[in-house]
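What you are looking at is a predicted structure, and each value in this text was computed from that prediction instead of being measured. Numbered from 1 within each chain, the chains take letters A, B, ... in sequence-line order. Side chains included, hydrogens not; waters and symmetry mates left out as well; all remaining heavy atoms used.
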2 protein chains.
Amino acid sequence: MSSLKRIDVDHLKVSCKECNLRELCFPHGMSDAELLNMDAVVDQPKPLHKNDFLYRDGDSSRAIYAVRSGCVKTMTESANGDEQIVGFHLPGELLGLDGFAEGVHTCNALALETSSVCELPLNQLENLCHVLPGLQKQMRRIMGKEVNNDHKLLLLLGKMTAEERLASFLLSLSSRMEERHWKDNEFNLSMPRQDIANYLGMAVETVSRLFATFQNEKIIDVDRRHITILDMQRLKAIVGECDTEL
Amino acid sequence: MSSLKRIDVDHLKVSCKECNLRELCFPHGMSDAELLNMDAVVDQPKPLHKNDFLYRDGDSSRAIYAVRSGCVKTMTESANGDEQIVGFHLPGELLGLDGFAEGVHTCNALALETSSVCELPLNQLENLCHVLPGLQKQMRRIMGKEVNNDHKLLLLLGKMTAEERLASFLLSLSSRMEERHWKDNEFNLSMPRQDIANYLGMAVETVSRLFATFQNEKIIDVDRRHITILDMQRLKAIVGECDTEL
DNA sequence: AAAAAGATATGACTTATGTCAAATCAGAAC
DNA sequence: GTTCTGATTTGACATAAGTCATATCTTTTT
């Protein structure tokens, strides 16, 4: 143990090639040769502590980021100080596209827990896109995904009841857990109730009550931040996915 | 007049170079030489009639589009048939990015009135980006803009009251009118009340009532679809833009 | 021009959720 | 371990906005 102490784990670089998130991340669909190119430009800064900002509204946009571990939330701020969380970013998910319009970020990005990210510097992105044919396509895919994601959220906020929103949120997390080959019916929430409420456009109290309701109805089990989905079908039924069984 | 009749106005191609929307559109910041390249690949299909679809959810994504005249709305559809309008696209504004993620559109795009669009085919986009250094950057700008726009909408749906939403909507239209060098305090709505309500996540009746309220308070004048903003400051005050005067 | 269909407006009433207040619980700091 | 602070839960009550019903006005169809 005393000798291990000298390994600075913060600076062990994980290569894209070795990373088990690579298929969810920038390198999606890239060849081994292309992966080496990615590795050469991807930077891995020191981990963020809980409540550290990755970037803030107004910061000039230097890079796009991929979460490697932990969870990062992004939120917009209105003129009168209201804040709306627009995304919770899990490992393998990207953020920073908000800076593309004007070269300046229009969101705050904040670590919900100790988190590490990979950085793809924008000044290298341009060149890299010329060298790696796959990357340009992947960039478009990523941006399309962000847009589609936002659209789903708009539908959620515009048309769904509180109950449907929370069910929808849990299902979204569940399917993202599955993508990562983690348990899709049992996971920990990295965000407080307040953040869930904000994200879903409702009051904290409503989130609390709905968790209690779902628990009473044996749809989920809630223990603090630990969620177990007991009846996936009923959860899906709530949001109106009509497939009774696949 | 009898001789003019033979000119097929639908097929008169407007070059990017001549287009007075160019600075809002793809060609933003391009040189004259670059504009010629754009012209070579930009297609101008026949105008859409009111209620024609430009594309539908599930269609394979062939191009991105710029509105040249009229107005096109985009909307997402949920599994249970709910529909959420996610954008009203005015001349010079782009749409079609929703198809970037999977090569398939995830929105419906529908003309609210007779409208014409320009098409930038995706298969040409790739090559064009290599030739035109400005275009790749512009593509990123466009996508960033879309993301930022969606974030603003999320804030609106998540945090604002009905009154704030409608005021916000009117101000957004107003500033977009100004961008186009049209009157910013007097314009026609191309969408029915029902669409405004859907977009803003409220009931039609609420939109009606709020228009009546704003009118009574002499903030705006409403005549059918014709809106006159009488007191821009108060409208801004409603959404909480704290700048009493610039 | 009349009739039909659709869009908009307005009133009466209901309800999903928000707000306020208080109690409980968990984790951090000392 | 005790205290303190912040997170979560729960209850009582208030309200913004939805729903339903009806009337009016516009536009399209015949």
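Qualifying salt bridge (charged side-chain N to carboxylate O under 4.0 Å, His left out) partners for B:K183, counting only residues two or more places apart in sequence or in other chains: B:E186. For A:S61, the side chain to side chain contact (heavy atoms under 4.5 Å, CB included) partners two or more places apart in sequence, or in a different chain, are A:H105, A:L122.
With a 6.0 Å radius and a threshold of 12 heavy atoms from other residues, nucleotides or ligands, A:E102 has its CD atom at or below the threshold. Within a 6.0 Å radius of NE2 in A:H49, other residues, nucleotides and ligands contribute 12 heavy atoms or fewer. The local environment of NZ in A:K152 is sparse, with at most 12 non-hydrogen atoms from other residues, nucleotides or ligands closer than 6.0 Å. Within 6.0 Å of the CZ atom in A:R56, the count of heavy atoms belonging to other residues, nucleotides or ligands does not exceed 12.
Remark: B:E119 does not engage B:R68 in a salt bridge, criterion side-chain N to carboxylate O under 4.0 Å.
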Evaluation steps, side chain to side chain donor-acceptor pair (under 3.5 Å), between A:Y55 and A:D98: CA-CA 11 Å; A:Y55 56 78; A:D98 56 282; 2.8 Å; yes
Kindly indicate, with the supporting measurements, whether the criterion side chain to side chain contact (heavy atoms under 4.5 Å, CB included) is fulfilled by B:F214 and B:L166. CA-CA 10 Å; B:F214 285 174; B:L166 188 62; 3.9 Å; yes
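Proximity of B:R225 to the phosphate of C:dT8: a side-chain N or O atom is located under 4.0 Å from OP1 or OP2.
Rounded to 10°, the helix from C:dA1-D:dT30 to C:dC30-D:dG1 has 50° between the axis fitted to its first five pairs and the one fitted to its last five.
On the nucleic acid side, DNA chain D contacts chain A at distances under 4.0 Å to non-hydrogen atoms, with the end points of that region at D:dT8 to D:dA12.
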Footprint string (nucleotides 11-30 of chain C, 5' to 3'): B base within contact, S backbone only, - free, heavy atoms under 4.0 Å: BB----SSBB-----S----
For residues 191-200 of chain B, dump all side-chain donor-acceptor pairs below 3.5 Å to protein atoms at least two apart in sequence or in another chain.
from: B:R193; atom 1: NH2; to: B:R224; atom 2: O; distance (Å): 2.9
from: B:D195; atom 1: OD1; to: B:K73; atom 2: NZ; distance (Å): 3.3
from: B:D195; atom 1: OD2; to: B:K73; atom 2: NZ; distance (Å): 3.0
from: B:N198; atom 1: OD1; to: B:I85; atom 2: N; distance (Å): 2.8
from: B:N198; atom 1: ND2; to: B:E83; atom 2: O; distance (Å): 2.8

